[in-house]
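The structure appears below as structure tokens.
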2 protein chains.
Amino acid sequence: MKSDDIKQAALKHFSTHGYEGASLSKIAEEVGLKKQSLYSHFKNKDDLFLQVLRDAGEVELQTKLTFFNNRQDPSPEKSLYAFLVMVKELFQLDERMKFWLRISFFPPEHLYHLIGNEVLAIEDQVRKMLEAKFAEWMSKEQIFVEKPRIPASAFMGIVDALMIELVYDSSPERINEKLESAWTVFWRGISK
Amino acid sequence: MKSDDIKQAALKHFSTHGYEGASLSKIAEEVGLKKQSLYSHFKNKDDLFLQVLRDAGEVELQTKLTFFNNRQDPSPEKSLYAFLVMVKELFQLDERMKFWLRISFFPPEHLYHLIGNEVLAIEDQVRKMLEAKFAEWMSKEQIFVEKPRIPASAFMGIVDALMIELVYDSSPERINEKLESAWTVFWRGISK
DNA sequence: TGATTACTGACGAACGTTCGTAAGGGAAGG
DNA sequence: CCTTCCCTTACGAACGTTCGTCAGTAATCA
């Protein structure tokens, strides 16, 4: 499908140059088209952008939501660590996560509220899922915290910090060091 | 000084629209000038941008570096927590921190390496300072970690995550919850 | 007077977008 | 099988606007 090729090229340009910095002619050029031809596939720049955004949001949501379902590994220590590794690898593999990170924090102004709502909705679902997980581990006395909201919040912070390090494109050693450090302190912090 | 007014307006536009999205005419309009008049004060857009960047870098560096000097509070628990609160309040007060965050993670492409080097240099200084602090607390047995690099890395991650929450402009409660959660787990994680 | 600052005017380039049009393919009907 | 019709896709040309930048010229102020 040609539309998918366009979206893929658009994803790349949006995530490296932002909404304003990405040009339709460059995107078209990448798939061997003139910029006018994009209008046979999308209403306008916003339409293309929003379709890319929704694809990225879906990846973000589904990968995180389904992560704990598809593994019967009951140990929170291994699960949570594997979650971080999954985020890291997915981020390096799929450009949609980088796009999602950039756009959710620095959206184009005229789409600020629209994007804000979508991001909020997804983040809340992830938060709820994590809270439920932590509550479960808490009741089984596999972790030791006051309320499940606290480790959930802190863990999401670690994920954010990890993605920030990833978007910064530092060396693999630096990234791994960040991951290991955050994880080491975090796990000590909730495992008594 | 008129140049300072211009830089202040530029700071605002750069940090809310990014480099590409910020327009010289809008910046000039905000200080009651025509865009051509900006060229009496700056060589071009890059020149203006880089001056704003260096101001922001200096704020970032100086506030963090001098934080522990000007307080004789020896307790790491109070010092580190106060550091987070300081970052939060400074971020909300001084737009230069928001600018710094956005630009260091998503620089304009043609200044990628230049900015990368400046950011790296500053981050390394902060990291060194934090490592020294953690090493000191470690030797006094006020905290318990393997190597000072680990809590330093983890703590910088918390600062990043906090700023991310701040740039996202969520509610004060959400921000405080994030801060408290991250801090609670972090402190438990390094204090035996 | 000389220097700094702000203006007008204009420049080429790029932007997103619209129009009319032409090529291609599939469906429908003869 | 051929023709007609329609729908999709792509393109050249052009639109109006904005972009950053430069030259020349007033105005301001030491």
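So you know, we letter chains A, B, ... as the sequences are listed, proteins then strands, and number each from 1.
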Sequence neighbours excluded and cut-off under 3.5 Å, please list the side-chain donor-acceptor pairs for residues 111-122 of chain B, or say none.
from     : atom 1 : to       : atom 2 : distance (Å)
B:Asn117 : ND2    : B:His113 : O      : 3.3
B:Glu118 : OE2    : B:Arg54  : NE     : 3.0
B:Glu118 : OE2    : B:Arg54  : NH2    : 2.8

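Between the side chain of B:Arg127 and the backbone N or O of B:Ala152 there is no donor-acceptor pair closer than 3.5 Å. Side-chain N or O atoms of A:Ser23 include one that pairs as donor or acceptor with a backbone N or O of A:Lys26 at under 3.5 Å.
Within residues 36-48 of chain A, the residues having any heavy atom closer than 4.0 Å to DNA chain C are, in order of number, A:Gln36, A:Tyr39, A:Asn44, A:Lys45. A heavy atom closer than 4.0 Å to some atom of DNA chain C occurs in no member of residues 3-16 of chain B.
Taking the centre and axis of the six-membered ring of A:Tyr19, the NZ or CZ atom of A:Lys45 falls inside the cone set by 45° and 6.0 Å.
On the nucleic acid side, DNA chain D contacts chain B at distances under 4.0 Å to non-hydrogen atoms, with the end points of that region at D:dC19 to D:dC22.
Using a 4.0 Å heavy-atom distance criterion, B:Ala28 is classed as making no nucleic acid contact. Nucleic acid contact for A:Lys2: sugar-phosphate only, since backbone atoms but no base atoms lie under 4.0 Å from a heavy atom of the residue.
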Begin from the C-alpha positions of B:Glu165 and B:Ser170 and carry the test side-chain hydrogen bond (donor to acceptor under 3.5 Å, both in side chains) through to its verdict. CA-CA 7 Å; B:Glu165 196 68 28; B:Ser170 40; 3.0 Å; yes
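Here A:Phe105 pairs with nothing under the ring pair (Phe, Tyr, Trp, His ring centres under 6.0 Å) rule; sequence neighbours left out. Applying the salt bridge (Lys or Arg N to Asp or Glu O under 4.0 Å) test to A:Glu136 and every residue at least two apart in sequence or in another chain returns A:Lys133, A:Lys140.
In this pair, A:Trp183 and A:Phe186 present their aromatic rings tilted. The plane angle is within the 30 to 60° band.
By the criterion of side-chain heavy atoms lying less than 4.5 angstrom apart, applied directly or through intervening Ile, Leu, Val, Met, Phe, Trp or Tyr residues, A:Val185 is not grouped with A:Phe144; the two fall into different hydrophobic clusters.
To the nearest 0.5 Å, atom CE of residue B:Met163 and atom NZ of residue B:Lys88 are 15.0 Å apart.
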